[in-house]
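Report on the structure given below.
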Amino acid sequence: LHTARSRNDQVATDFRLWVRGQIDLIDKSIADLMKALLDQAQIGVSWIMPGFTHLQTAQPITWGHHMMAYVEMFARDRSRFKDARNRMNECPLGSAALAGTSFPIDRDHTARALKFERPTANSLDAVSDRDFALEFLTCSSICAMHLSRLAEELVIWSSAQFKFIDLSDRFSTGSSIMPQKKNPDAAELVRAKLGRILGANIGLMTVMKGLPLAYSKDMQEDKEQVFDAADNLMVALAAMSGMIKDLKANKENMEAAAHFGFSTATDLADWLVQKLNLPFREAHHITGQIVQRAEVKKCDLCDLDLAVIREVDDRITEDIYSVLSVQNSVASRASYGGTAPSQVRSQIARWRKTLEL
């Protein structure tokens with residue numbers, strides 16, 4: 001059994017097989033999370049919530065649109081893992097220690113038997129390559145970053161200040177001293193997993209950075225970091241899928257919050273451009289003055305008297321109110337990929353077909 005083989009090419013082969021199998025498991029877990037997000041998007045396809053930039057109220061959007069943003073993120077993660085799997089699906093077996101072998105072996109046969117696409121083309125590279133592990137960790141890091149962003153939003157949304165969602169007791173814990181507390185611990189732990197996974201990525205990159213060809217014992221440090229990152233990503237994906245399936249979005253609270261911060265100000269400026277033929281710079285300035293008046297009167301833009309609005313510009317007509325409600329604002333954003341419910345429904349249908357759900 002030892003003929004024409006080395007530990008170098010056998011370990012390289014085994015490691016590729018393990019990473020390839022792990023990618024297949026992760027792909028299924030990401031697809032499960034995407035399905036949970038699609039289900040949430042379907043429920044709240046027309047539910048209105050504030051969209052934020054800088055965590056400040058920007059424009060009204062829909063809950064469905066927000067959920068679909070994460071579907072797109074995790075779809076890219078699946079694509080990255082798929083690309084990495086395709087690139088690593090070459091068989092090192094038969095490269096021996098570093099130079100190949102003088103025995104008449106059939107490397108194509110062993111590659112097929114192990115379900116690789118082909119044998120590696122350079123024996124020196126084959127035994128010293130850990131790009132497949134680094135790519136796996138890079139893809140895992142990006143996926144964990146997306147999970148961390150979503151987890152952060154769950155933490156914010158579940159707070160008493162927002163109350164956009166309710167997380168069940170399955171994914172929350174109480175305080176040891178404050179009986180009223182319900183802490184989003186599962187989301188916080190998912191948020192933290194990026195530290196370990198990215199740490200593994202940096203750790204292995206540092207191990208590999210100065211190694212001459214071919215094999216060095218330094219490369220024995222590759223397994224623990226990859227195994228740990230894979231375990232933690234799988235746990236994080238399972239926890240996030242559970243939270244998304246389990247959470248309840250508070251439609252009324254989200255819509256009420258969408259009225260704060262003059263979220264339809266951009267719609268007002270767009271109306272001035274479209275109806276009065278103003279340059280956007282001038283429309284922006286006029287809108288700012290109208291917002292100042294609403295601030296003084298402590299009311300939303302849609303509740304401002306027309307007479308007060310016309311003090312800023314007497315060309316403005318009553319038609320302005322057609323764009324000042326959050327409902328009309330959301331419905332008007334019907335460009336491809338926009339937040340309008342019609343667009344969100346179209347994207348949900350596209351992804352359900354893609355995922356064959």
Side-chain heavy atoms of [X] within contact of [Y], under 4.5 Å:
| X | Y | value |
| --- | --- | --- |
| Leu93 | Gln10 | yes |
| Leu233 | Leu147 | yes |
| Asp313 | Leu272 | no |
| Met68 | Thr62 | no |
| Val323 | Lys275 | no |
| Ile26 | Met234 | yes |
| Tyr215 | Arg7 | no |
| His146 | Tyr70 | no |

Residues Gln347, Val71; criterion side-chain contact (heavy atoms from CB on, under 4.5 Å); working and verdict: CA-CA 10 Å; Gln347 294 299 330; Val71 170; over 6 Å; no
Any sub-3.5 Å donor-acceptor pair from [X]'s side-chain atoms to [Y]'s backbone N or O?
| X | Y | value |
| --- | --- | --- |
| Asp129 | Asp131 | yes |
| Lys182 | Leu167 | yes |
| Asn250 | Glu252 | no |
| Arg16 | Met88 | yes |
| Asn8 | Val127 | no |
| Ser241 | Leu237 | yes |
| Thr13 | Asp9 | yes |
| Gln343 | Gly337 | yes |
| Gln40 | Ile244 | yes |
| Tyr321 | Leu306 | yes |

Sub-6.0 Å ring centroid separation between Trp18 and Phe227: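 Here the rings of Phe227 and Trp18 have centres that are less than 6.0 Å from each other.
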Single-linkage hydrophobic cluster, 4.5 Å side-chain cutoff, Leu276 and Val273 together: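 No: no chain of side-chain contacts under 4.5 Å links Leu276 to Val273.
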hydrophobic_cluster_shared for Ile320 and Phe280, side chain cutoff 4.5 Å: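 No; Ile320 is not reachable from Phe280 via cluster members.
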Roughly how far, to the nearest 0.5 Å, is the [atom2] atom of [Y] from the [atom1] atom of [X]?
| X | Y | atom1 | atom2 | value |
| --- | --- | --- | --- | --- |
| Phe162 | Ile156 | CZ | CD1 | 6.0 Å |
| Ile61 | Met254 | CD1 | CE | 9.5 Å |
| His259 | Cys299 | NE2 | SG | 13.0 Å |
| Thr206 | Asn201 | OG1 | CG | 9.0 Å |
| Arg78 | Met34 | CZ | CE | 6.0 Å |
| Asn122 | Leu98 | CG | CG | 10.0 Å |

More than 12 heavy atoms from other groups under 6.0 Å of NZ on Lys163: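 At most 12 heavy atoms, drawn from other residues, nucleotides or ligands, come within 6.0 Å of this atom.
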Gln220 atom CD, over 12 foreign heavy atoms within 6.0 Å: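 Count not over threshold, so no.
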Stepwise side-chain hydrogen bond (donor to acceptor under 3.5 Å, both in side chains) check, Arg107 with Thr120: CA-CA 9 Å; Arg107 292 192 64 207; Thr120 52; 2.8 Å; yes
Whether [Y] and [X] form a salt bridge (side-chain N of Lys/Arg under 4.0 Å from carboxylate O of Asp/Glu) is what I want to check.
| X | Y | result |
| --- | --- | --- |
| Asp231 | Arg196 | no |
| Glu117 | Arg20 | no |
| Lys193 | Asp228 | no |
| Asp218 | Arg130 | no |
| Lys297 | Asp303 | no |
| Asp32 | Lys28 | no |
| Arg80 | Asp83 | no |
| Arg333 | Asp267 | yes |

Residues Trp271, Ile316; criterion side-chain contact (heavy atoms from CB on, under 4.5 Å); working and verdict: CA-CA 9 Å; Trp271 184 93; Ile316 297 174; 4.1 Å; yes
Shortest non-hydrogen contact between [X] and [Y], atoms and distance:
| X | Y | answer |
| --- | --- | --- |
| Ser329 | Ser332 | O-OG, 2.7 Å |
| Ile48 | Ala258 | CG2-CB, 3.7 Å |
| Ala96 | Ser6 | C-CB, 3.3 Å |
| Met67 | Ala41 | CB-CB, 3.9 Å |
| Gly100 | Ser123 | N-OG, 3.4 Å |
| Ala331 | Ala340 | O-CB, 3.7 Å |

Phe81 vs Cys143, side-chain contact (heavy atoms from CB on, under 4.5 Å): CA-CA, chis, key distance, verdict: CA-CA 10 Å; Phe81 277 115; Cys143 184; 4.2 Å; yes
Step-by-step salt bridge (Lys or Arg N to Asp or Glu O under 4.0 Å) determination, Asp24 to Arg85: CA-CA 9 Å; Asp24 293 341; Arg85 190 191 193 283; 2.8 Å; yes
Chi angles and distances behind the side-chain hydrogen bond (donor to acceptor under 3.5 Å, both in side chains) call for Gln289, Glu311: CA-CA 10 Å; Gln289 291 181 298; Glu311 288 174 4; over 6 Å; no
Phe164 and Trp157 aromatic ring geometry - parallel, tilted or perpendicular at 30°/60° bounds: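 Answer is tilted, since the angle falls between 30° and 60°.
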